[in-house]
Amino acid sequence: EVGGRCLRCLTLSAAVARRVVADARVRHYPCCVVTTRGFSVYESDERVGREFLEELRREGVDYGQALDDLLVDPVLQITPFVSVEEEQRLREFTGECRMLRWHPGFTDITHPDADKGQALKLLKQAMGNPYTIACGDGANDVPMLEAADLGVAMGNAAGDVKARADFVTRTADEDGIGYLLSEILN
């Protein structure tokens with residue numbers, strides 16, 4: 001949003017969202033669902049706690065929603081906690097959706113045109129094309145790093161992410177953004 005105005009809202013088709021969540025129900029794997037109203041987890045287990053909430057420091061998650069209630073609002077993203085092999089099976093019924101594995105424990109399913117690079121381009125346009133700096137550490141950040149005037153990979157990023165960045169800073173735990181800003185300002 002810019003000035004209270006949504007620039008673009010790309011949602012998954014209701015059919016794809018229902019199919020993925022139904023698959024999670026049948027096969028008993030955790031699935032995070034991001035809607036236009038919130039963020040919820042279906043069938044949470046220790047992987048969600050360890051990989052998603054602790055490693056990625058995600059807070060404000062609703063664990064209490066019933067599965068059918070998750071799909072009342074338009075779905076922006078579904079993150080199933082599946083293996084690479086299971087991800088290939090999911091591709092059979094997700095159509096042209098974008099599936100991106102940026103963490104070994106899960107994959108993100110979004111609208112085919114939804115990525116951080118497109119979001120940054122829209123934001124820049126809405127704000128009069130200011131100079132932008134973007135920082136990231138995962139494969140899902142690469143389009144944003146490439147769209148920014150200065151794309152910065154965190155020190156803990158994978159080699160392919162670092163290779164696509166203009167600058168590599170320290171890790172997040174080593175205050176990489178603070179280090180980047182001190183380098184820019186000095």
Side-chain angles (χ1 to χ4, degrees), residues 1-13 16-17 20 31-41 51-53 55-61 73-80 87 91 94-186:
E1 286 188 25
V2 173
R5 181 175 64 96
C6 178
L7 299 178
R8 192 170 183 196
C9 185
L10 299 173
T11 61
L12 292 171
S13 75
V16 167
V20 173
C31 194
C32 300
V33 179
V34 181
T35 69
T36 54
R37 193 170 39 144
F39 180 98
S40 300
V41 178
E51 296 169 359
F52 205 68
L53 303 177
E55 287 181 31
L56 302 175
R57 297 178 181 100
R58 176 73 184 176
E59 297 177 6
V61 178
D73 298 310
V75 176
L76 302 169
Q77 175 177 311
I78 298 178
T79 302
E87 177 182 342
R91 286 182 186 279
T94 55
E96 295 182 8
C97 292
R98 177 185 302 268
M99 291 184 76
L100 183 64
R101 179 173 293 271
W102 56 274
H103 187 281
F106 52 83
T107 188
D108 290 338
I109 303 171
T110 60
H111 184 280
D113 297 327
D115 70 47
K116 294 179 181 184
Q118 293 299 321
L120 182 58
K121 289 174 187 175
L122 282 170
L123 184 60
K124 285 176 67 168
Q125 183 180 24
M127 297 180 71
N129 205 32
Y131 185 85
T132 56
I133 301 171
C135 301
D137 63 358
N140 62 331
D141 296 319
V142 169
M144 175 183 65
L145 298 180
E146 292 176 338
D149 295 297
L150 177 63
V152 180
M154 302 303 292
N156 51 292
D160 57 330
V161 176
K162 290 178 181 178
R164 309 271 291 272
D166 302 309
F167 182 81
V168 177
T169 189
R170 295 177 179 165
T171 69
D173 290 337
E174 297 170 331
D175 194 24
I177 294 175
Y179 175 76
L180 167 69
L181 293 173
S182 71
E183 289 294 303
I184 291 171
L185 296 174
N186 287 332

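Start at 1 with the first residue, then count along the sequence.
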Check your understanding: Is the backbone N or O of P104 less than 3.5 Å from a side-chain atom of R101, with the two atoms forming a donor-acceptor pair by type?
Key -> yes
Review point. Can you tell me if T94 uses its side chain to pair, donor with acceptor, with the backbone of C97 under 3.5 Å?
Key: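 Checked: no pair found.
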Check your understanding: How would you list, by chain and number, every residue that makes a salt bridge (charged side-chain N to carboxylate O under 4.0 Å, His left out) with E146, sequence neighbours excluded?
Key -> R164
**Study point:** Listed partners of R170 passing salt bridge (charged side-chain N to carboxylate O under 4.0 Å, His left out), at least two apart
**Key:** none
Could you pull out the closest heavy-atom pair between [X] and [Y], with the gap in Å?
X	Y	value
P130	M127	CD-O, 3.6 Å
L120	A134	CD2-CB, 4.4 Å
G176	T169	O-OG1, 2.6 Å

Review point. Can you list every salt bridge (Lys or Arg N to Asp or Glu O under 4.0 Å) pair that touches residues 111-129, not counting sequence neighbours?
Key: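 Residue pairs passing salt bridge (Lys or Arg N to Asp or Glu O under 4.0 Å), neighbours aside: R98-D115, K116-D141, K124-D149.
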Review point. Is there any salt bridge (Lys or Arg N to Asp or Glu O under 4.0 Å) pair reaching into residues 3-12, and which pairs are they, with sequence neighbours excluded?
Key: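 Residue pairs passing salt bridge (Lys or Arg N to Asp or Glu O under 4.0 Å), neighbours aside: none found.
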Practice item. For the residue pair F106 and W102, categorise the inter-ring angle as parallel (less than 30°), tilted (30 to 60°) or perpendicular (more than 60°). Key: perpendicular
Interatomic spacing from [atom1] in [X] to [atom2] in [Y] - rounded to 0.5 Å:
X	Y	atom1	atom2	value
L145	I133	CG	CD1	12.0 Å
I109	M99	CD1	CE	4.0 Å
M144	L123	CE	CG	11.5 Å
L10	T110	CG	OG1	8.5 Å
D108	T79	CG	OG1	4.0 Å
L12	L76	CG	CG	8.0 Å

Which atom pairs, donor and acceptor, lie under 3.5 Å between side-chain atoms of residues 153-163 and protein residues at least two apart or in another chain?
{"unit_1": "N156", "atom_1": "OD1", "unit_2": "A172", "atom_2": "N", "d": "3.2"}
{"unit_1": "N156", "atom_1": "ND2", "unit_2": "D137", "atom_2": "OD2", "d": "3.0"}
{"unit_1": "K162", "atom_1": "NZ", "unit_2": "G155", "atom_2": "O", "d": "2.9"}

Check your understanding: Yes or no on side chain to side chain contact (heavy atoms under 4.5 Å, CB included) for Q118 and L122, after CA distance, side-chain angles and deciding distance?
Key -> CA-CA 6 Å; Q118 293 299 321; L122 282 170; 5.6 Å; no
Check your understanding: Side chains of D73 and T36: donor-acceptor distance under 3.5 Å anywhere?
Key ->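 Judged by distance alone, the side chains do not pair up.
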Could you pull out all donor-acceptor pairs under 3.5 Å where a side-chain atom in residues 179-186 meets a protein atom, sequence neighbours excluded?
{"unit_1": "S182", "atom_1": "OG", "unit_2": "Y179", "atom_2": "O", "d": "2.7"}
{"unit_1": "N186", "atom_1": "ND2", "unit_2": "S182", "atom_2": "O", "d": "2.9"}

Practice item. Could you please spell out the steps behind the side chain to side chain contact (heavy atoms under 4.5 Å, CB included) verdict for I78 and C31? Key: CA-CA 7 Å; I78 298 178; C31 194; 3.2 Å; yes
